Amino acid sequence: MPTVIDGKAAAASVIANVQAATSQLAQSDALTPGIAVVIVGEDPASQVYVASKGKTAKACGFNSIQHTLPESTSEEELVALVEQLNADPEIHGILVQLPLPSHIDSGRIIQTIAPEKDVDGFHFTNVGRLGTGELDSAFVPCTPAGSMLLIERAHGRDLSGLNAVVVGRSNIVGKPMANLLLNANATVTIAHSRTKDLPALCRTADILVAAVGRPEMIRGEWIKPGATVIDVGINRIPAPEKGEGKSRLVGDVAYDEAAAVAGSITPVPGGVGPMTIALLMANTVVSAHRAANRTPPRF
Ligand code: NDP
């Protein structure tokens with residue numbers, strides 16, 4: 001049987017480190033990390049995510065401020081709020097919950113966030129820093145950063161000699177994931193919807209990261225025996241066996257089949273998911289350390 005990588009336990013350990021670093025900063029600099037979460041509109045899933053981020057931030061000992069704006073908010077009003085948060089010395093992390101209403105250009109809003117407060121890691125400056133290996137000054141997007149910590153649990157920080165395949169090339173998961181793996185010396189291939197013979201390519205992977213958004217697409221026979229499988233996908237599918245109208249969450253990997261072949265594997269839920277929010281907290285405490293000219297903790 002494979003090692004099941006416990007994302008909940010790994011996330012709890014990241015949060016414990018964030019709490020310790022926060023206490024340390026309070027003692028050394030009388031400084032409390034501040035995070036501002038901005039949500040526009042009524043999207044129920046976004047409301048749940050934002051509430052959960054606020055709760056975790058408080059548990060970390062941060063000042064957590066939420067700005068809830070109506071759907072009718074104009075792009076200029078949102079830009080003005082982000083600029084106000086950029087200038088606020090008590091705020092170290094700014095998070096604008098996506099998606100934004102369609103009349104607002106999300107790209108413009110993301111690029112308005114000051115790079116040193118961009119704890120989501122989406123600003124071009126942070127994308128460029130990751131792309132050039134300047135990890136000490138970058139903010140790395142939270143889902144790939146969390147996935148990388150799980151990979152390190154299985155392989156350590158140096159992935160020399162290992163083949164990694166990332167399925168998915170989005171800007172928030174696939175591309176930054178590939179850059180992190182490359183930076184750790186893995187030999188990296190990025191696959192996507194135009195890739196030929198994906199099963200054969202996946203079978204070359206010592207480390208396989210699935211970030212596709214297609215329920216259970218990656219089958220057991222695509223997995224190299226002993227591989228580390230990181231399933232980023234979160235897909236809700238009908239589960240009539242649980243009762244009428246019920247659903248359940250599955251990843252992009254057919255878990256039972258893959259678990260029969262893999263060396264280690266993340267479950268869904270309970271794998272990558274809990275790491276994302278933990279890394280958001282980690283990025284915020286790192287930002288506060290940088291603002292205070294202190295060496296940030298390493299996660
Ligand atoms: P996107 O939809 O932005 O990207 C999906 C990628 O998968 C694209 O690059 C696409 O290729 C590729 N793809 C689609 N179909 C195929 C196929 N048949 N074969 C090969 N590649 C394919 O998704 P995200 O990166 O935003 O998210 C991916 C998954 O991760 C989703 O399930 C999402 O819910 C989950 N997620 C989980 C998070 C967490 O906290 N755990 C956070 C963020 C996302 P192409 O570019 O050619 O279209």
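Source: prediction; values computed, not measured.
At least one donor-acceptor pair under 3.5 Å links the side chain of S170 to the backbone N or O of V173. A donor-acceptor distance shorter than 3.5 angstrom exists from the side chain of D118 to the backbone of H123, with no hydrogens or angles considered. Between the side chain of K117 and the main chain of A36, no donor-acceptor pair closer than 3.5 Å is present. Panel note: side chain T284, backbone L280; a donor-acceptor pair is recorded below 3.5 Å. Looking at Q19, its side chain does come within 3.5 Å of a backbone N or O of A59 through a donor-acceptor pair. The closest donor-acceptor contact from the side chain of N235 to the backbone of G251 lies under 3.5 Å.
Every residue meeting the salt bridge (Lys or Arg N to Asp or Glu O under 4.0 Å) condition with D29, not counting sequence neighbours, appears here in chain and number order: R294. For A291, the side chain to side chain contact (heavy atoms under 4.5 Å, CB included) partners two or more places apart in sequence, or in a different chain, are H92. Among residues two or more places apart in sequence or in another chain, the salt bridge (Lys or Arg N to Asp or Glu O under 4.0 Å) test is passed with D206 by K224. Legend: residues meeting salt bridge (Lys or Arg N to Asp or Glu O under 4.0 Å) with E257, ordered by chain and number and at least two apart, are R219. Residues passing the side chain to side chain contact (heavy atoms under 4.5 Å, CB included) test with A45 are D43, Y49, sequence neighbours excluded. For the salt bridge (Lys or Arg N to Asp or Glu O under 4.0 Å) test, residues two or more places apart in sequence or in another chain that qualify with E76 are R108. Taking the side chain to side chain contact (heavy atoms under 4.5 Å, CB included) definition, one finds that L149 meets it with V14, E152, M275, L279, F299, sequence neighbours left out. Annotation: side chain to side chain contact (heavy atoms under 4.5 Å, CB included) contacts of Q27 (sequence neighbours excluded): none.
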Assess the residue pair E216 and V253 against the criterion (side chain to side chain contact (heavy atoms under 4.5 Å, CB included)); give the C-alpha distance rounded to whole Å, side-chain angles, the decisive distance to 0.1 Å, and a yes or no. CA-CA 4 Å; E216 301 178 323; V253 177; over 6 Å; no

Let me see the working for T73 and V40 under side chain to side chain contact (heavy atoms under 4.5 Å, CB included), right down to the final yes or no. CA-CA 7 Å; T73 303; V40 184; 4.1 Å; yes

Determine whether L181 and M148 satisfy the following criterion, side chain to side chain contact (heavy atoms under 4.5 Å, CB included), listing intermediate values before the conclusion. CA-CA 8 Å; L181 289 160; M148 197 63 201; 4.0 Å; yes

Check the pair I218 / L208 against side chain to side chain contact (heavy atoms under 4.5 Å, CB included), numbers first and verdict last. CA-CA 10 Å; I218 293 177; L208 180 63; 4.0 Å; yes

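At least one side-chain heavy atom of L100 sits under 4.5 Å from a side-chain heavy atom of L78. Proximity of M177 to S147: side-chain heavy atoms (C-beta onward) are separated by under 4.5 Å at one or more points. Between V268 and V250 the shortest side-chain heavy-atom distance does not fall below 4.5 Å. Residues P33 and I35 fail the side-chain proximity criterion, which asks for heavy atoms closer than 4.5 Å. No side-chain heavy atom of H67 sits less than 4.5 Å from a side-chain heavy atom of I39. For the pair P238 and S247, the minimum side-chain heavy-atom distance is 4.5 Å or more. Here the side chains of F122 and N171 are not in contact, with every heavy-atom distance at 4.5 Å or above. Under the 4.5 Å side-chain criterion, counting only non-hydrogen atoms from C-beta, I223 is not in contact with C202.
Taking every heavy atom of both residues into account, I65 and I91 meet most closely at CD1-CD1, 3.6 Å. Looking at every heavy atom in both residues, A11 comes nearest to P274 through CB-O, 3.4 Å. Across G233 and D252, no two heavy atoms sit closer than the pair CA-OD2, 3.3 Å. Heavy atoms only, all atoms of each residue included: S13 and R153 are closest at OG-NH2, 3.9 Å. The shortest non-hydrogen separation linking L201 to A191 is CD2-CB, 3.8 Å. Nearest heavy-atom pair, N283 versus F139, reported as atom, atom and distance to 0.1 Å: O-CE2, 3.2 Å.
Both L182 and I230 are part of a single hydrophobic cluster, where members link through side-chain heavy atoms under 4.5 Å apart. V229 and I151 are assigned to two separate hydrophobic clusters, defined by single-linkage of ILVMFWY side chains at heavy-atom distances under 4.5 Å. Linking ILVMFWY side-chain heavy atoms closer than 4.5 Å, directly or via other members, places L25 and V18 in two distinct hydrophobic clusters. Residues I234 and V167 do not share a hydrophobic cluster, defined by chaining ILVMFWY side chains whose heavy atoms lie under 4.5 Å apart. Hydrophobic cluster membership is shared by I110 and V140, with clusters built from Ile, Leu, Val, Met, Phe, Trp and Tyr side chains linked at under 4.5 angstrom.
For the salt bridge (charged side-chain N to carboxylate O under 4.0 Å, His left out) condition, no pair includes a residue of residues 123-149, sequence neighbours left out. Screening residues 50-66 for side chain to side chain donor-acceptor pair (under 3.5 Å), with sequence neighbours left out, gives K53-Q97, Q66-T68. Contacts classified as salt bridge (charged side-chain N to carboxylate O under 4.0 Å, His left out) and involving residues 229-242 (residues at least two apart or in different chains) are given here: E241-R248. Counting only residues at least two apart or on different chains, the side chain to side chain donor-acceptor pair (under 3.5 Å) pairs with a member in residues 178-190 are D158-N185.
Taken from CE in M281 to OG1 in T22, the straight-line distance is 10.5 Å, to the nearest 0.5 Å. Taking CG of N163 as the start and CD1 of I207 as the end, the distance is 9.0 Å to the nearest 0.5 Å. Atoms CD1 and CG, on I94 and D88 in that order, are 8.5 Å from each other to the nearest 0.5 Å. Rounding to the nearest 0.5 Å places CZ of R203 at 10.0 Å from CG of L198. Once rounded to the nearest 0.5 Å, the distance linking SG of C142 with CG of D120 reads 5.5 Å. Once rounded to the nearest 0.5 Å, the distance linking CG of L98 with OG of S46 reads 8.0 Å.
Surrounding CD of E221 are more than 12 heavy atoms belonging to other residues, nucleotides or ligands, all under 6.0 Å away. Environment of CD in E90: sparse, with no more than 12 heavy atoms of neighbouring residues, nucleotides or ligands closer than 6.0 Å.
Judged by distance alone, the side chains of H155 and T228 do bring a donor and an acceptor atom under 3.5 Å apart.
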